[in-house]
There are 2 protein chains.
Amino acid sequence: MQVTRAGEYGVLGLLHLARRGAGQVVMIDEVSREERIPKSFLAKIFQSLARAGLVRSNRGIGGGFALAKEPAEITTLDVIEAIEGPIAFQRCLEAPTECPHTGGCPLCGLFEQAQTQVRDVFSRTTLADLMKSRVPAAAPATSLKPRAPTPARAAV
Amino acid sequence: MQVTRAGEYGVLGLLHLARRGAGQVVMIDEVSREERIPKSFLAKIFQSLARAGLVRSNRGIGGGFALAKEPAEITTLDVIEAIEGPIAFQRCLEAPTECPHTGGCPLCGLFEQAQTQVRDVFSRTTLADLMKSRVPAAAPATSLKPRAPTPARAAV
DNA sequence: TTCAAACAGGACCAAATCGGTCCTGAATCG
DNA sequence: CGATTCAGGACCGATTTGGTCCTGTTTGAA
Ligand code: SF4
Ligand code: SF4
């Protein structure tokens, strides 16, 4: 039950591109250095992102990566699923499965519900939202404002 | 991003106890057979459940497991966390971490939000709810009614 | 035209996690 | 006592995670 490092690094990386401004071409090397992400690993991650069309790559001298869309058009769900594949809480929710309980299993519905919730959260938060929510450097970073604000009770 | 088999089997197993009626002592062997769960594996899972106080175990002839509380008092979150440990979407959300981004990371807030959502879904659904939602044997098992009904838009 | 910069892609790898199995031991009942 | 049932730990193979590295290919500039 975790977002993998790859997924997290992907969002962090794209966020870096977004902060550098629209259409700016930035090298893997800079993103890696500034965001403290292993370069080779980040390179692989950006490959997925490029294949998913979230980012455009240019080779050669002055090459690098640039966002393919507006930051407000890229949701964290796009990013995470481009890297990790579709979010699925259980095998029955991602492919027609041969699970022995499939007929009338009460759990499917529950897992589907949970899954929908997290996809919702991720799909309504864009890179632009994350940029805005960037807190200075201290204070609990707990106050994130997605486009459609949810109650989100404080204590878990 | 999946609930493990162990977690799933745990809920399924307890659900079986719940269906057998209050206080009923049932052997691992029966649960395993009826729910199609590998016996040795299920035994390990029930050990966690017993340690967490969700279930009481009795050894010897006529021994087995019985729910330690009412089905309506046991949430799926209890069960899953008893088995898998606390649900945490990222390392920063489960322990004071040495993540280089910790100061003012915009992602923490997002992950926390997603995590809260799934804990909410799981914590408001009890074994009793799951029993009620058991569909006959066909029809999409998508209609689960938790205690506090959520809008839950149909298409994802 | 050549060369160095920069990404593309695949092979590879260690470590952790998952999904179990198995064996010994202790409790309990008859 | 002895059969039964759980407790707990050791172990195991497969998969996933989190990377590294090496060989291209593309591109711009000298
Ligand atoms: S047990 Fe139920 S929830 Fe789990 S995979 Fe099978 S059908 Fe889906
Ligand atoms: S990068 Fe941010 S979200 Fe991820 S672990 Fe570090 S602080 Fe938490």
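Chain letters run A, B, ... following the sequence lines, proteins first, then strands; residues in each count from 1. Because only heavy atoms are used, hydrogens play no part in the values below, and waters and symmetry mates are left out as well, while side chains stay in.
Put simply, the side chain of B/Tyr9 reaches to within 4.5 Å of the side chain of B/Pro38, judged on heavy atoms. Two residues are said to be in side-chain contact when any heavy atoms from C-beta on lie closer than 4.5 Å; B/Glu34 and B/Arg20 fail this criterion. Considering only heavy atoms from C-beta on, B/Phe89 comes within 4.5 Å of B/Met1 through its side chain. Proximity of B/Glu8 to B/Leu12: side-chain heavy atoms (C-beta onward) are separated by under 4.5 Å at one or more points.
Going from atom CG of B/Leu49 over to atom C1' of D/dC6 covers 14 Å, rounded to whole Å. If you measure from atom CG of B/Leu42 to atom C1' of D/dC6, you get 12 Å, rounded to the nearest angstrom. As a whole-Å value, the separation of B/Gln47 CD from C/dG25 C1' is 12 Å. Atoms CZ (A/Arg91) and P (D/dT15) sit 15 Å apart, rounded to a whole Å. Distance, A/Glu84 CD to D/dT17 C1': 11 Å, rounded to whole Å.
To the nearest 0.5 Å, atom CG of residue B/Leu127 and atom CZ of residue B/Arg19 are 10.0 Å apart. The CD1 atom of B/Ile28 sits 8.5 Å away from the CD atom of B/Gln47 when rounded to the nearest 0.5 Å. Note: A/Leu17 CG to A/Glu30 CD = 8.5 Å, rounded to the nearest 0.5 Å.
Dashed line: the shortest gap from a side-chain N or O of A/Ser57 to OP1 or OP2 of C/dA6 is not under 4.0 Å. Phosphate contact (OP1/OP2 of D/dG8, side-chain N/O of B/Arg51, threshold under 4.0 Å): present.
Residues forming a salt bridge (Lys or Arg N to Asp or Glu O under 4.0 Å) with A/Lys39 (at least two apart in sequence, or on another chain): A/Asp29.
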Give me the distances for all protein-to-nucleotides 27-30 of chain C N/O pairs that come in under 3.5 Å?
none

Cut-off 3.5 Å, no hydrogens considered: what does the side-chain donor-acceptor table look like for residues 58-71 of chain B, sequence neighbours left out?
none

Please set out all donor-acceptor pairs under 3.5 angstrom arising from side-chain atoms of residues 77-87 of chain A, sequence neighbours excluded.
from	atom 1	to	atom 2	distance (Å)
A/Asp78	OD1	A/Thr75	OG1	3.3
A/Asp78	OD2	A/Thr75	N	3.1
A/Asp78	OD2	A/Thr75	OG1	3.2
A/Glu81	OE1	A/Arg119	NH2	3.0
A/Glu81	OE2	A/Ile87	N	2.8
A/Glu81	OE2	A/Arg119	NE	3.4
A/Glu81	OE2	A/Arg119	NH2	3.0
A/Glu84	OE2	A/Thr4	N	2.7
A/Glu84	OE2	A/Thr4	OG1	2.6

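Less than 4.0 Å separates DNA chain C from at least one heavy atom of each of the following residues of residues 27-37 of chain A: A/Met27, A/Ile28.
Between the side chain of A/Thr125 and the main chain of A/Phe122, no donor-acceptor pair closer than 3.5 Å is present.
At a threshold of 4.0 angstrom between heavy atoms, the contacts of A/Phe65 are confined to the sugar-phosphate backbone, with no base atom among them.
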Please encode protein proximity along nucleotides 12-24 of chain C as a string of B, S and -, counting only heavy-atom distances under 4.0 Å.
------SSBB---

